[in-house]
2 protein chains.
Amino acid sequence: MLAAVLQVRAGSLQVMLWQRAREPHAHRWSLPGGGLGGHEDVEASIRRQLAEKVDVRQLSHVEQLAVFSNPTRVPGPRVVATAFLGLVPSHIDPVVPADTAWHPVDALPATAFDHEAICRRARHRLASKLSYTNLGFALAPPEFTISALRALYSAALGYQVSATNLQRVLSRRGLLEPTGGTVQPGPSGGRPAALFRFVSGEMRVTDPFAVLRPPSTRSLGS
Amino acid sequence: MLAAVLQVRAGSLQVMLWQRAREPHAHRWSLPGGGLGGHEDVEASIRRQLAEKVDVRQLSHVEQLAVFSNPTRVPGPRVVATAFLGLVPSHIDPVVPADTAWHPVDALPATAFDHEAICRRARHRLASKLSYTNLGFALAPPEFTISALRALYSAALGYQVSATNLQRVLSRRGLLEPTGGTVQPGPSGGRPAALFRFVSGEMRVTDPFAVLRPPSTRSLGS
DNA sequence: GACGTTTTCGACCGTTAGGCGAAAACCTGG
DNA sequence: CCAGGTTTTCGCCTAACGGTCGAAAACGTC
């Protein structure tokens, strides 16, 4: 029961880690988690464990990643870990305990056990799902400009994306919706940016697949 | 530790189930599986469990599906199950124990516990991955005609796919390769069909994604 | 009012999938 | 051996989509 909680902070994708005080792997950084209780399923359990670190209401998305079960993944008796991906929207700055901090995923400190591999899996899952789902809603605030969204996607994916394409693709898939509002331009001027929101707060899959698409189910209009 | 082992048999997607002899859920049909041993990871464990039902060498693909952990999913003390998807190529007819049989996934008998939900997950995972990976190799024999492949995809997906498109898309993605051989037409005549094979026997992902594709990584040529 | 800045929008192009139909290559029956 | 039926294969056409560019819009400052 471990979670890689990701958030775009200061323009880069970061993961929440806590520093171990005791052996094994003292002083190394570790993903939050804990054991499974008696009357809860694994999703409820990881949310309960994460509640010790962040306000669970600030978690915009939680999903199973995979089971990590290599007998030697931790010293001593074998521990099977169900790993999760958690997401926090960028406009929130959760209060975290003293032993806990955010670290950019491409500059991790010394990590405990196999937690770096779990982080990699989480990054990969996030990047994939940003492409074929509306998972961006879990990274973004309720309202945002296209430039802000572009910055979020670029940080989460690790490379620049085009604002034009991002807006057109997400709109064409029916995921993005203008709120009608605008934001004032900065001190250097510029046209006021329009505000958008994601249509749905639940994860939706947009199948960009061809061979396997049922003939009736055509692409969703604008 | 449970596996939904799927195979296209007699033109329909079927799942391997065994009939429970004892309570709970006696006479209901159940997915094969068992407990995790001390010195193996979950992948090794499920392969060991499945070896009691089928020759493991006949399993062309095994992957994790998800953890099912609802406290009430089985009567009595809670059991956490890591579910797997297994695939068997269509040209193989495994010898199975007397209590075990194949059942079409869209006409399941009375199933035990939450195994029907696990089957649904397995079907969905297979259908999705057929679209954006080369997972078809795990359903097909080493060599096959396009019509045969079309039949496999249609059965696994649950709807008709076009042979023309199937060949072109898989070829364009660099997944399909002609062997040069042909098969003799049936008694009713017809042009001899060319034989093909999948280029790789390992799972490969073909990202048909746009917004999130790194600018350098262009589509793979023929 | 000119100029720089930022966002927005439309236009163009190459690629891909979906569909159709002709052509190819075989069979059987007369 | 030719006509007609069957099955596979291939090319063409079209629509949709993503990638890119550049112009236009809407603001600020000088």
Side-chain angles (χ1 to χ4, degrees), chain A residues 130-132 143-151 153-154 157 159-196 206-222, chain B residues 130-132 143-151 153-154 157 159-196 206-222:
Chain A
L130 281 180
S131 295
Y132 67 93
E143 297 193 357
F144 46 83
T145 66
I146 296 296
S147 334
L149 191 65
R150 189 190 79 92
Y153 272 73
S154 297
L157 293 170
Y159 53 82
Q160 295 288 101
V161 302
S162 145
T164 297
N165 249 333
L166 188 62
Q167 173 177 9
R168 182 180 38 199
V169 169
L170 294 181
S171 298
R172 189 144 51 186
R173 291 179 183 170
L175 306 180
L176 221 53
E177 190 179 56
T179 71
T182 58
V183 290
Q184 296 312 313
S188 60
R191 175 171 173 169
L195 284 170
F196 290 80
T206 65
D207 31 15
F209 306 137
V211 196
L212 322 130
R213 204 176 333 164
S216 51
T217 312
R218 272 304 118 74
S219 70
L220 15 123
S222 80
Chain B
L130 282 180
S131 294
Y132 67 93
E143 299 193 355
F144 45 83
T145 66
I146 295 296
S147 334
L149 191 64
R150 190 190 78 92
Y153 272 73
S154 296
L157 294 170
Y159 53 83
Q160 295 289 100
V161 302
S162 144
T164 297
N165 251 332
L166 187 63
Q167 173 177 10
R168 182 181 38 206
V169 169
L170 294 181
S171 298
R172 187 144 49 191
R173 292 179 182 169
L175 305 180
L176 220 54
E177 189 179 57
T179 69
T182 57
V183 290
Q184 296 312 313
S188 61
R191 175 171 173 168
L195 285 170
F196 291 80
T206 65
D207 31 15
F209 307 136
V211 198
L212 322 128
R213 205 179 330 169
S216 52
T217 313
R218 271 304 117 77
S219 69
L220 18 119
S222 82

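Remember, it's a predicted structure, so these values are computed and weren't measured experimentally. Note on naming: letters A, B, ... go to the chains in the order of the sequence lines (proteins, then strands), and numbering restarts at 1 for each one.
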For nucleotides 22-24 of chain C, list the nitrogen or oxygen atoms of the protein found under 3.5 Å from its nitrogen or oxygen atoms, one pair per line.
residue: C:dA24; atom: O4'; partner: B:Arg191; partner atom: NH1; Å: 3.4

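- Of all non-hydrogen atoms in B:Gln167 and B:Phe196, the two that sit nearest each other are NE2-CZ, 3.3 Å.
- Remark: P of C:dT15 and CZ of B:Arg172 are 10 Å apart, rounded to the nearest angstrom.
- Each of A:Leu195 and A:Arg168 has a nearest nucleotide on DNA chain C; the 5'-most of these lies closest to A:Leu195.
- Residue B:Ser188 places at least one side-chain N or O under 4.0 Å from the OP1 or OP2 atom of D:dT7.
- Put simply, CZ on A:Phe144 is 15 Å from P on C:dT7, counting in whole angstrom units.
- Shown here for B:Thr182 and B:Pro192, the closest heavy-atom pair between the two residues is CB-CB, 4.3 Å.
- In this structure, B:Asn165 does not reach the C:dA17 phosphate: none of its side-chain N or O atoms is under 4.0 Å from OP1 or OP2.
- Pairing each heavy atom of A:Ala193 with each of A:Thr145, the nearest pair is CB-CG2, 3.6 Å.
- Taking atom CD of residue B:Gln167 and atom C1' of nucleotide C:dG19, one finds them 15 Å apart after rounding to whole Å.
- Each of A:Gly186 and B:Ala193 was assigned the nucleotide of DNA chain D with the nearest heavy atom; the assignment lying further toward the 5' end belongs to B:Ala193.
- Contact annotation: the side chain of A:Val183 never approaches that of A:Phe144 to less than 4.5 Å [non-hydrogen atoms, C-beta and beyond].
- Listed pair B:Arg173 / C:dA17 meets the phosphate criterion, a side-chain N or O lying under 4.0 Å from OP1 or OP2.
- Here the closest heavy-atom approach between residue B:Glu143 and residue B:Leu195 is recorded as OE1-CD1, 3.4 Å.
- Here the closest heavy-atom approach between residue A:Gly190 and residue A:Pro185 is recorded as O-CB, 3.1 Å.
- Out of D:dT9, C:dA17, D:dG18, the shortest distance to the side chain of B:Val169 is found at C:dA17.
- The separation between A:Tyr153 atom OH and D:dG18 atom P is 13 Å, rounded to whole Å.
- One can place CZ of A:Arg150 at 14 Å from P of D:dG19, the figure rounded to the nearest angstrom.
- B:Ser147 comes within contact range of the sugar-phosphate backbone alone, with a heavy-atom separation under 4.0 Å but no base atom that close.
- The side chain of B:Thr164 approaches D:dG11 more closely than any other nucleotide in the set C:dC9, D:dG11, C:dC26.
- Considering all non-hydrogen atoms of both residues, B:Ile146 and B:Ala163 come closest at CG2-O, 3.8 Å.
- In this structure the side chain of B:Val161 reaches within 4.5 angstrom of the side chain of B:Leu157, judged on heavy atoms.
- Counting to the nearest Å, the P atom of D:dC10 and the CG atom of B:Leu166 are 14 Å from each other.
- A heavy atom lying under 4.0 Å from DNA chain D marks none of the residues of residues 176-185 of chain B.
- When rounded to the nearest whole Å, the span between CD of B:Gln160 and C1' of C:dA17 equals 18 Å.
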